[in-house]
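The structure appears right after this line, and notes come after that.
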Amino acid sequence: MENRAALVAPHFDRELIARYDVNAPRYTSYPTALHFRDDFSETDLFDCIRASNDDPIPRDLSTYIHVPFCLSPCFYCGCARIITHDSRKADTYLTRLYREIEQVAARFDRDRRLAQLHFGGGTPNFLDISQMLELIESLGRHFSFSRDAGREFGIELDPRFCDGEYARQVAEAGINRVSIGVQDFDPAVQQAVTRIQSVEET
Ligand code: SF4
């Protein structure tokens with residue numbers, strides 16, 4: 001009986017719904033675009049990092065790595081991405097990313113553990129498996145990865161361009177969360193948004 005009670009449909013609160021029926025900032029980046037400021041310089045950033053290093057208890061770090069390439073466009077998407085089949089674009093991007101990882105990581109004290117790592121996009125699996133493993137390895141060299149069982153290392157995978165072997169290898173490299181985008185399984189909707197992705201594939 002208790003379980004049945006838990007399944008009762010939630011109360012439809014029209015007033016509550018109306019209160020939040022407003023335009024909200026896009027949340028495809030964090031902080032959201034509204035919080036970007038021109039008057040926050042590189043020096044300000046480094047000052048913040050230095051100040052945070054001074055905390056008596058070393059604070060864990062979180063990092064987001066954006067892979068801004070996709071193999072095909074989904075019409076509903078507002079993410080920062082480039083549609084291309086040219087894998088050389090990833091090489092150029094990775095060269096610069098490695099430089100940034102090296103420069104930024106050096107600013108953090110080594111006793112600060114990287115406890116949250118997320119690869120998003122775009123399509124992170126636009127990178128082939130050797131590029132992805134090298135990227136994870138590079139991050140591990142420059143940051144101190146947390147060894148805590150509760151650490152969250154996640155990746156977005158597009159199942160249309162990824163097989164089980166890719167997932168297995170990133171898991172072996174330490175990734176313990178995967179998110180897979182699904183908009184709709186209705187073929188008409190998939191056609192309309194140009195995201196054709198079968199249930200089996202997903
Ligand atoms: S795969 Fe993802 S990021 Fe790329 S266009 Fe589609 S929704 Fe956007």
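As the structure lists them, so they are numbered: ligands from 1, and atoms in each ligand from 1.
- One distance of note links CZ of R99 with CZ of R96; it measures 6.5 Å at 0.5 Å rounding.
- A donor-acceptor pair under 3.5 Å is formed between the side chain of Q190 and the backbone N or O of D184.
- For R168, the salt bridge (Lys or Arg N to Asp or Glu O under 4.0 Å) test picks out E165, E172, with sequence neighbours left out.
- Taking the six-membered ring where tryptophan is involved, the planes of F143 and F108 are tilted, since the angle between them lies from 30° to 60°.
- Among all non-hydrogen protein atoms, the one lying nearest atom 3 (S) of ligand 1 is G122 N, 3.4 Å.
- Partners of A115 under the side-chain contact (heavy atoms from CB on, under 4.5 Å) rule, at least two apart in sequence or in another chain, are D60, S146.
- A side-chain donor-acceptor contact under 3.5 Å links D44 to the backbone of S41.
- Regarding atom 7 (S) of ligand 1, its nearest protein heavy-atom neighbour is Y76 OH, 3.6 Å.
- Sorted by chain and number, the protein atoms of type N, O or S within less than 2.8 Å of atom 6 (Fe) of ligand 1 are C74 SG.
- Remark: Q183 engages Y76 in a side-chain contact (heavy atoms from CB on, under 4.5 Å) (not counting sequence neighbours).
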